[in-house]
Amino acid sequence: MKTARGFFKPLAIGAPAPWRELPARVERMIHFVPPHLEKVRAKVGEIAPTVDVILANLEDAIPADAKGAALAGTIALSREVDFAALGVGLWVRINCLNSPWHLDEVATLVEKAGDRIDVIMVPKVEGPWDIFYIDQLLASLEAKHGVTRPILLHAILETAEGVMNVEQIAGASPRMQGISLGPADLAASRAMKTTRVGGGHPGYRVIEDPHADGSPRVSVQQDLWHYTFAKMVDACAAHGIKPFYGPFGAIDDPVACEQQFRNAFLMGCAGAWSLHPSQIAIAKQVFSPDPTEVAFAKRILEAMPDGSGVAMIDGKMQDDATWKQAKVMVDCARQIAAKDAEYAALYGF
Ligand SMILES: CCC(=O)SCCNC(=O)CCNC(=O)[C@H](O)C(C)(C)COP(=O)(O)OP(=O)(O)OC[C@H]1O[C@@H](n2cnc3c(N)ncnc32)[C@H](O)[C@@H]1OP(=O)(O)O
Ligand SMILES: O=CC(=O)O
Ligand SMILES: [Mg+2]
């Protein structure tokens, strides 16, 4: 265990000092781009102003023989689009740490684009040791290449061992920006008998007892992910980092996608992945608080200016705890409004 002071010391001579607070960024959707496909890459300049984060994906979904092209495409992308000027984050998902690719990827990314990449997403993180390793590697490379702003780390929670260790993963380094649930790999790791990328399953349900008259029994679908999700959200919140829902693979089912994203939003998530352009607007709408809720939250703050005491608004009791909830909602809306003129108007900021 590191000492409190040691936690914030650079891990290499000449490396930038670790972040003490996460930079305040709106990250409602992490839009995945396959960077080896020139046709898709060419459209990123057009898509970027509509998203909060563009992620160049090097891992799963990129064929083994295209890993080099994806890395080269990522570097090209970092030069072709001025993400910082657009207020859009540039993230990269590297290959997992036991793959033959991750070392060259991290070395090349820091050397050629270290001052333009905001976050490296690390897949299949099993425990804090994976974060210690990549933290040290990044510090050494940042020092070597004169990178002045530490690259943040985002872990995907997608193995049973990772779920077991999620609390230590969340607190493993000041570089930790957040964690995403990876339901597809997690399903495989747990030997779940599914063939889906996230979402529910019609077979996972509760059913009421038989009726004496033999009439049909009510049966309701349950959430396969609730336990893992809640565990991840609490680990992230306790460590002051951000939880995210990951991929929703049924591109042809926007209704279920919206529901999955909404559950994540209500549970405390900052955003989710968009795999297809059609999922961008869904994530944007869901992860921007509802203007009616924001208006109600503003009324709570106004009714209790110092955040203490008790008040009644429209028949609902308000006290310090609802004031804090209202503050979360209004702060989130204010942050989004500062970036997004459409929402600034909706929220009246
Ligand atoms: C399972 C766990 C995980 O690891 S999930 C993360 C890994 N998977 C990914 O990153 C997948 C990213 N998405 C994609 O590759 C594509 O969206 C997939 C799912 C293959 C569908 O592509 P496609 O069949 O071309 O869709 P489409 O014909 O409806 O596309 C319409 C136009 O949009 C484009 N498009 C598609 N996806 C993206 C994207 N992610 N970013 C930017 N543009 C995208 C298509 O190229 C197509 O463009 P055009 O109209 O032909 O000019
Ligand atoms: O990488 C994401 C997943 O669901 O697996
Ligand atoms: Mg995965």
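When a residue number appears, it is its place in the shown sequence, counting from 1. Just so you know, ligand 1 is whichever comes first in the structure, and atom 1 is the first atom listed for that ligand.
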Which heavy atom of the protein is the closest neighbour of [atom], given with residue, atom name and distance?
atom: atom 45 (C) of ligand 1; answer: Lys43 NZ, 4.2 Å
atom: atom 15 (O) of ligand 1; answer: Pro34 CG, 4.1 Å
atom: atom 2 (C) of ligand 2; answer: Glu158 OE1, 3.3 Å
atom: atom 51 (O) of ligand 1; answer: Lys39 NZ, 2.9 Å
atom: atom 8 (N) of ligand 1; answer: Ala61 CB, 3.5 Å

Per-atom contacts of ligand 2 with [X], taking only distances under 4.0 Å to non-hydrogen atoms:
X: Trp273; answer: 1 (O), 2 (C)
X: Ala184; answer: 3 (C), 4 (O), 5 (O)
X: Asp185; answer: 3 (C), 4 (O), 5 (O)

Check Pro247 against ligand 2 and report side chain, backbone, both or neither, counting heavy atoms closer than 4.0 Å.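 Side chain only.
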
Ligand 2 versus Arg93, non-hydrogen atoms closer than 4.0 Å: side chain, backbone, both, neither?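 Just the side chain.
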
Sub-3.5 Å N/O-N/O distance, Glu59 and ligand 2: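 It does not: no N or O of Glu59 is found under 3.5 Å from an N or O of ligand 2.
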
Give yes or no for whether the N/O distance cutoff of 3.5 Å, strictly under, is met between Pro183 and ligand 2.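 Among all N and O atoms of Pro183, at least one is under 3.5 Å from an N or O of ligand 2.
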
Quick one: does [atom] have a protein heavy atom under 4.0 Å from it?
atom: atom 47 (C) of ligand 1; result: yes
atom: atom 25 (O) of ligand 1; result: no
atom: atom 34 (C) of ligand 1; result: yes
atom: atom 38 (C) of ligand 1; result: yes

Please report the C-alpha distance between Val110 and Leu138 in whole Å, then the side-chain angles of each, then the deciding distance to 0.1 Å, and finally whether the side chain to side chain contact (heavy atoms under 4.5 Å, CB included) criterion is met. CA-CA 8 Å; Val110 179; Leu138 279 175; 3.7 Å; yes

Taking side chain as C-beta onward, heavy atoms only, is [X] less than 4.5 Å from [Y]?
X: Leu141; Y: Glu111; result: no
X: Thr322; Y: Lys316; result: no
X: Met176; Y: Asp135; result: no
X: Ile47; Y: Val33; result: no
X: Leu186; Y: Leu157; result: no
X: Pro289; Y: Ile336; result: yes

Compute the minimum heavy-atom distance from [X] to ligand 1 and say whether it is under 4.0 Å.
X: Pro277; result: yes
X: Ile251; result: no
X: His31; result: yes

Using 30° and 60° as the class limits, which term best fits the ring planes of Phe261 and Phe287: parallel, tilted or perpendicular?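 Ring orientation of Phe261 relative to Phe287: tilted.
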
With backbone taken as N, CA, C and O and side chain as the heavy atoms from C-beta onward, which portion of [X] lies under 4.0 Å from ligand 1: side chain, backbone, both, or neither?
X: Arg93; value: side chain
X: Ile47; value: side chain
X: Leu275; value: both

Of Glu46, His276, Arg41, Gln279, which has the heavy atom at the shortest distance from atom 21 (C) of ligand 1?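 It is His276 that holds the nearest heavy atom.
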
Under 4.0 Å to a heavy atom of [X] - the qualifying atoms of ligand 1, by number:
X: Asn57; answer: 7 (C), 10 (O)
X: Val197; answer: 1 (C)
X: Val40; answer: 41 (N), 42 (C), 43 (N), 46 (O)

Using 2.8 Å as the threshold, say whether any N, O or S atom from Glu59 sits that close to the Mg ion (ligand 3).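 Checking Glu59: none of its N, O or S atoms is under 2.8 Å.
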
Between Asp104 and Lys67, does at least one N-O distance fall below 4.0 Å, as a salt bridge requires?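 Here Asp104 does not pair with Lys67 in a salt bridge, since their nearest N and O are not under 4.0 Å apart.
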
Measuring from the Mg ion (ligand 3), name the closest N, O or S atom belonging to Asp185.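 Considering only N, O and S atoms, Asp185 comes nearest to the Mg ion (ligand 3) through OD2.
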
For the Mg ion (ligand 3), find the closest N/O/S atom on Glu158 and give its atom name.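 Of all N, O or S atoms belonging to Glu158, OE1 is the one nearest the Mg ion (ligand 3).
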
Report the residue from Ile120, Val122, Val119, Asp60 that forms a side-chain contact (heavy atoms from CB on, under 4.5 Å) with Arg93.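 Result for side-chain contact (heavy atoms from CB on, under 4.5 Å) with Arg93: Asp60.
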
Using the salt bridge (Lys or Arg N to Asp or Glu O under 4.0 Å) rule, take Arg149 and Asp118 through it: C-alpha gap first, then chi angles, then the decisive distance, then the call. CA-CA 9 Å; Arg149 188 185 59 147; Asp118 296 296; 2.9 Å; yes

